[in-house]
Amino acid sequence: MSTVTATDRAEAEGGRGLPARAARLLTLPAVGPLVALLLACGYFSIRTDRFLTGANLSLIVQQVMVVGALAVGQTIVILTAGIDLSNGAVMALGTIFMTKLAVGGGVPGGWAILIGVAVCTAFGALNGTLVTMAKLPPFIVTLGTWNIAFALTHVYSNEQTITGLPTSLTFLGRTFPLGNTDVTYGSVVMLALFAVAWYVLRQTAAGRHVYAVGDNREAARLTGIPDRRLLLTVYTVAGAIYGLAGLLLIGRTSVGDPQAGQTDNLDSITAVVLGGVSLFGGRGSIIGALCGALIVGVIRNGLQLTGVPSIYQVLITGILVILAVSVDQLARRRRT
């Protein structure tokens with residue numbers, strides 16, 4: 001008669017645990033977008049040997065750093081079952097305040113940046129106030145503030161692009177060597193924003209409250225979560241992040257452009273949706289949103305390198321968005 005030792009039992013339990021852990025890993029929200037990103041990178045690396053060069057990969061990150069930063073704010077809003085259509089216009093307004101004050105107003109660069117970020121934060125607070133206090137739908141509120149920010153941008157700038165900016169406003173566009181590749185400081189700032197957002201959402205009580213409110217606001221309120229204050233904070237913080245995105249935009253373009261950001265609201269939503277964040281709230285990962293932003297950047301860069309006309313970039317991105325939302329809808333129906 002054979003005897004089973006404690007070591008044998010531990011090994012058997014460990015063997016059974018490995019498939020279970022692998023299955024749990026595959027259910028993480030960021031896994032799907034990460035796999036899609038790797039597949040896209042693999043495909044374009046086969047199509048052209050220029051894709052996987054350090055310079056090109058750094059360029060992709062530079063190209064998505066503004067939309068990526070906007071996607072951070074958009075993600076925390078969507079996780080609460082809201083949406084923000086105003087972020088691109090609010091960002092553009094912030095850049096005009098920063099650049100015009102610094103160039104034409106004689107304001108020191110550091111103060112101009114703070115004022116521009118404060119303007120964006122105020123718009124975020126306005127969105128949050130109207131959503132929580134007036135109980136208006138986020139879609140309608142942010143559509144209205146999109147128009148307000150857009151109009152103020154053009155009025156304040158007099159339809160003129162602002163040039164000759166001080167280095168204090170454009171320093172994030174500078175590069176530093178990383179191996180044989182030049183990386184912009186703005187790219188590092190964008191990745192730092194994602195890292196901070198990940199920590200807050202996954203490792204703090206406030207982050208768990210964001211998911212709870214997005215999943216079921218009434219149930220969250222009944223458990224003692226201050227849902228109104230939380231939503232106001234989320235929209236206000238998102239506004240501040242849009243101000244930082246504006247600084248990244250200035251670093252990339254070295255001008256204050258009143259025409260900037262007109263489609264960035266849709267691009268940020270695209271990145272969030274492709275990243276597996278549910279438009280119904282309460283489910284998704286900030287790392288998935290980063291993957292979503294990179295997916296858009298990889299597709300656009302890869303198609304450009306392979307000589308595909310730019311209109312097909314838009315076509316493919318639209319198809320991917322519809323597929324991502326369809327998968328999210330099916331998963332939601334299955335859970336309910």
Side-chain angles (χ1 to χ4, degrees), residues 66-101 112-160 162 193 197 210 213-214 217 227-250 256-273 277 279-281 289 293:
V66 174
V67 170
L70 290 176
V72 174
Q74 189 73 260
T75 298
I76 62 175
V77 170
I78 289 180
L79 284 174
T80 64
I83 198 165
D84 193 345
L85 299 178
S86 68
N87 60 2
V90 169
M91 175 192 69
L93 180 61
T95 63
I96 293 300
F97 265 89
M98 294 178 196
T99 54
K100 190 165 184 178
L101 288 174
I113 292 172
L114 289 176
I115 293 171
V117 172
V119 169
C120 295
T121 304
F123 263 86
L126 175 62
N127 287 336
T129 300
L130 293 174
V131 168
T132 57
M133 302 303 179
K135 297 183 179 180
L136 298 176
F139 182 92
I140 300 301
V141 168
T142 58
L143 179 61
T145 53
W146 178 90
N147 284 281
I148 294 171
F150 178 82
L152 289 177
T153 298
H154 287 264
V155 170
Y156 187 59
S157 66
N158 293 321
E159 305 284 353
Q160 295 179 352
I162 303 166
L193 283 174
V210 168
V213 169
R217 181 177 174 181
D227 57 314
R228 288 188 178 184
R229 186 172 65 189
L230 179 71
L231 287 175
L232 178 59
T233 301
V234 163
Y235 280 94
T236 303
V237 170
I241 294 173
Y242 304 153
L244 295 177
L247 187 59
L248 294 177
L249 178 62
I250 294 172
D257 184 6
Q259 304 297 332
Q262 294 189 21
T263 62
D264 284 350
N265 56 347
L266 300 180
D267 290 341
S268 67
I269 295 172
T270 298
V272 172
V273 170
V277 179
L279 288 174
F280 302 100

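The analysis underlying the following values was restricted to heavy atoms, covering all of them including side chains, and did not include hydrogens, waters or symmetry mates.
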Could you grab the distance from atom [atom1] of [X] to atom [atom2] of [Y], nearest 0.5 Å is fine?
X	Y	atom1	atom2	answer
L70	I241	CG	CD1	9.5 Å
L136	T142	CG	OG1	11.0 Å
L266	T270	CG	OG1	6.5 Å
L101	I113	CG	CD1	11.5 Å
T121	I115	OG1	CD1	12.5 Å
L93	M91	CG	CE	11.0 Å

Taking all non-hydrogen atoms of both residues into account, name the closest pair between [X] and [Y] and its distance.
X	Y	value
G73	Y242	C-OH, 3.8 Å
L248	A69	CD1-CB, 3.7 Å
G68	A293	CA-CB, 4.2 Å
P138	V131	CA-CG2, 4.0 Å
A260	A92	O-CB, 3.3 Å
G128	L232	C-CD1, 3.8 Å

Show the numbers, then the answer: is there a side chain to side chain contact (heavy atoms under 4.5 Å, CB included) between N158 and K100? CA-CA 11 Å; N158 293 321; K100 190 165 184 178; 3.6 Å; yes
Please examine the side chains of [Y] and [X], heavy atoms only from C-beta on, and report whether any two atoms are closer than 4.5 Å.
X	Y	answer
V119	M98	no
Q74	I83	yes
T95	T153	no
N265	D84	no
V90	T145	no
C120	F97	no
N127	S86	yes
D264	N87	no

Residue among V234, L231, L79 satisfying side-chain contact (heavy atoms from CB on, under 4.5 Å) with V213: L231
Before giving the answer on side chain to side chain contact (heavy atoms under 4.5 Å, CB included), spell out for V141 and Y235 the whole-Å C-alpha distance, their side-chain angles and the decisive distance to 0.1 Å. CA-CA 12 Å; V141 168; Y235 280 94; over 6 Å; no
Indicate the ring-plane relationship of H154 and F150, choosing parallel, tilted or perpendicular according to the 30° and 60° boundaries. tilted
Test side chain to side chain contact (heavy atoms under 4.5 Å, CB included) on D257 and T99; report intermediate values, then the result. CA-CA 9 Å; D257 184 6; T99 54; over 6 Å; no
